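Just below is one structure, and these are the notes that go with it.
Along the sequence shown, residues are numbered consecutively beginning with 1. Note that the structure is a prediction, hence the values are computed from the model and not measured.
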Amino acid sequence: MKIGIIGAGAIGQAFAKQVADAGYDVVISNSRGAESLKEIVAQLGGNVKAGSVEEAATAEVIFLALQWQHIEQVTQSINWEGKIVIDPTNPILPGFKLANLGNKTSSEVVQEWVSGAKLVKAFNTLQPGLLASNPIQNGGNRVLFFSGNYDDAKDIVSGIINRIGFAGIDLDRLNEGGKLQQFPGGALPALNLIKM
C-alpha cells in the first residue's frame, strides 16, 4: 500500500518515519516541491520519496498534515473520490485562535472539503516527538485514538496504526469521537497512554 503525505512539517515527518519503518511505500510532499524535501527524505530513509502534492494524492491513503488555514485551498485541487484521508489536523489559526467551525467538529469540516473521500481522524492527540518515538513502551503500546464515519476506512487506518506498533482505540463517529480528539476542547489531546 502506498501512503501519500501532504505537508512535511513535524507531524508529517513523524508519521512518515513510522509508516516507512513499518514497510509502507511513502510519498511526502509540500507546496515548495520535491527538490525542497531532499534532506528530509535522506533523514527519513527507508521507503520514503519526495513528490509533488499531486503525486502524493494518487496514493490509496493520504495523510493531510497541513496547518488549518491551508487545508481548504490545498484540498480543492485534488480529486478525492475513493481515497482514504487521515486527518491529524487541529483547527488552530495563526495567533492560536480557534477556527470558526459552526456546530461541527473540525474533521466534519475537513470531510466536506475532501468530498468523495472517507476521512478518519487520527494522529492528532500526540505531540510530534512522541508520535515519532518508539510506540512500544514498558511492554505495552502507546495509544492512538481514531474516529470516522466509514467502518471500512477505519479498518484500514486501524491496520496502519497497529502495524506501526501503536494501540488503536476506535472512538466511533466524527461527531462523537472527533469531539473528544479535537484540540482545543477535547478530553484526549496530549494524553500519553500505554495499553498493556
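Here the straight-line distance linking atom CG of Asp151 with atom CZ of Arg173 works out to 8.5 Å at 0.5 Å rounding. Residue Ile136 holds its CD1 atom at 5.5 Å from CG of Asn134, rounded to the nearest 0.5 Å. Atom OG1 of residue Thr75 and atom CG of residue Leu66 lie 8.5 Å apart, to the nearest 0.5 angstrom. Asp87 CG to Trp113 CH2: the interatomic distance, rounded to the nearest 0.5 Å, is 9.5 Å. Between atom CD1 of residue Ile156 and atom NZ of residue Lys118 there is a gap of 8.0 Å, rounded to the nearest 0.5 Å. Separating the CD1 atom in Ile6 from the CD1 atom in Ile78 is a distance of 4.0 Å, to the nearest 0.5 Å.
By the rule that hydrophobic residues join a cluster once side-chain heavy atoms approach within less than 4.5 Å of another member, Ile161 and Ile3 end up as members of one cluster. Under the 4.5 Å side-chain contact rule for hydrophobic residues, Leu126 and Ile86 share a cluster. Using a 4.5 Å cut-off between side-chain heavy atoms of Ile, Leu, Val, Met, Phe, Trp and Tyr, with links allowed through other members, Ile84 and Ile28 fall into the same hydrophobic cluster. Criterion: ILVMFWY side-chain heavy atoms under 4.5 Å apart, direct or through other members. Under it, Ile11 and Leu188 are not part of a common hydrophobic cluster. Ile71 and Leu174 fall within a single hydrophobic cluster, where Ile, Leu, Val, Met, Phe, Trp and Tyr are joined by side-chain heavy atoms under 4.5 Å apart, directly or via other members.
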**OP:** Verify side-chain contact (heavy atoms from CB on, under 4.5 Å) between Glu176 and Leu171, making sure each step is shown before the conclusion.
**Re:** CA-CA 7 Å; Glu176 299 160 350; Leu171 300 175; over 6 Å; no

**OP:** For Asp172 and Ser147, run side chain to side chain donor-acceptor pair (under 3.5 Å): C-alpha distance rounded to whole Å, both residues' side-chain angles, the deciding distance at 0.1 Å, then the answer.
**Re:** CA-CA 5 Å; Asp172 205 19; Ser147 58; over 6 Å; no

Subject >> Worked check of side chain to side chain donor-acceptor pair (under 3.5 Å) between Glu108 and Thr105 >> reply: CA-CA 5 Å; Glu108 288 176 297; Thr105 65; 3.2 Å; yes

**OP:** Before giving the answer on side-chain contact (heavy atoms from CB on, under 4.5 Å), spell out for Gln67 and Thr89 the whole-Å C-alpha distance, their side-chain angles and the decisive distance to 0.1 Å.
**Re:** CA-CA 7 Å; Gln67 292 179 349; Thr89 66; over 6 Å; no

Subject >> Criterion side-chain contact (heavy atoms from CB on, under 4.5 Å) on Val26 and Leu44, from CA distance to verdict >> reply: CA-CA 10 Å; Val26 180; Leu44 291 169; over 6 Å; no

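Looking at every heavy atom in both residues, Leu93 comes nearest to Trp68 through CD2-CD1, 3.7 Å. Taking every heavy atom of both residues into account, Pro88 and Ala65 meet most closely at CG-CA, 4.2 Å. Closest heavy-atom contact between Ile40 and Ala8: CD1-O, 4.1 Å. Nearest heavy atoms, Ala117 versus Tyr150: O-CE1, 4.3 Å. Smallest separation of non-hydrogen atoms from Val74 and Ser77: O-OG, 3.2 Å. Residues Ile92 and Pro184 approach most closely at CD1-CD, 3.1 Å, considering heavy atoms.
Counting non-hydrogen atoms of neighbouring residues, nucleotides and ligands closer than 6.0 angstrom, the CD atom of Gln73 reaches no more than 12 such neighbours. Atom CD of Gln127 has 12 or fewer heavy atoms from other residues, nucleotides or ligands within 6.0 Å. Residue Lys104 qualifies as open at atom NZ: its count of foreign heavy atoms under 6.0 Å is 12 or below. Heavy-atom neighbours of Asp152 CG from other residues, nucleotides or ligands within 6.0 Å: above the threshold of 12.
Using modelled atom types, no side-chain atom of Glu60 and backbone atom of Met1 make a donor-acceptor pair closer than 3.5 Å. For the pair Arg142 (side chain) and Ala167 (backbone), a donor-acceptor distance under 3.5 Å is absent. Side chain of Asp155 to main chain of Val157: no donor-acceptor pair is present (N/O by atom type, distance under 3.5 Å, no hydrogens or angles). Between the side chain of Lys83 and the main chain of Ala59, a donor-acceptor pair closer than 3.5 Å is present. Proximity of a side-chain donor or acceptor of Ser107 to a complementary backbone N or O of Val120 within less than 3.5 Å is not detected. Here the side chain of Ser133 pairs a donor or acceptor atom with the backbone of Leu130 at under 3.5 angstrom.
Using a 4.5 Å cut-off on side-chain heavy atoms (C-beta onward), Val19 and Val61 make no contact. Counting only heavy atoms from C-beta outward, the side chains of Val53 and Ser31 never approach each other to under 4.5 Å. Residues Leu101 and Pro91 have side chains in contact (heavy-atom distance under 4.5 Å, counting atoms from C-beta outward). Between Leu144 and Phe123, the closest side-chain pair of non-hydrogen atoms falls below 4.5 Å. Taking the side chain as every heavy atom from C-beta outward, Phe146 and Asp170 approach each other to under 4.5 Å. Under the 4.5 Å side-chain criterion, counting only non-hydrogen atoms from C-beta, Val114 is in contact with Leu119. Within the 4.5 Å cutoff, no side-chain heavy atoms of Gln111 are placed close to those of Trp80. Phe145 is listed as a side-chain neighbour of Leu193, based on a closest heavy-atom distance under 4.5 Å.
Remark: the Gln182 side chain and the Ser106 side chain contain an N/O donor-acceptor pair separated by less than 3.5 Å.
Applying the side chain to side chain donor-acceptor pair (under 3.5 Å) rule to pairs touching residues 34-46 yields Asn30-Ser36, Glu35-Lys38, sequence neighbours excluded. Sorted by first then second residue, the side chain to side chain donor-acceptor pair (under 3.5 Å) pairs that include residues 12-27, not counting sequence neighbours, are Lys17-Asp21.
Ring-plane geometry between Phe15 and Phe63 is classed as parallel, the angle between the planes falling under 30 degrees on a 0 to 90 degree scale with a further cut at 60.
Ile194 belongs to a hydrophobic cluster with Met196, counting contacts under 4.5 Å between side-chain heavy atoms of Ile, Leu, Val, Met, Phe, Trp and Tyr, direct or through other members.
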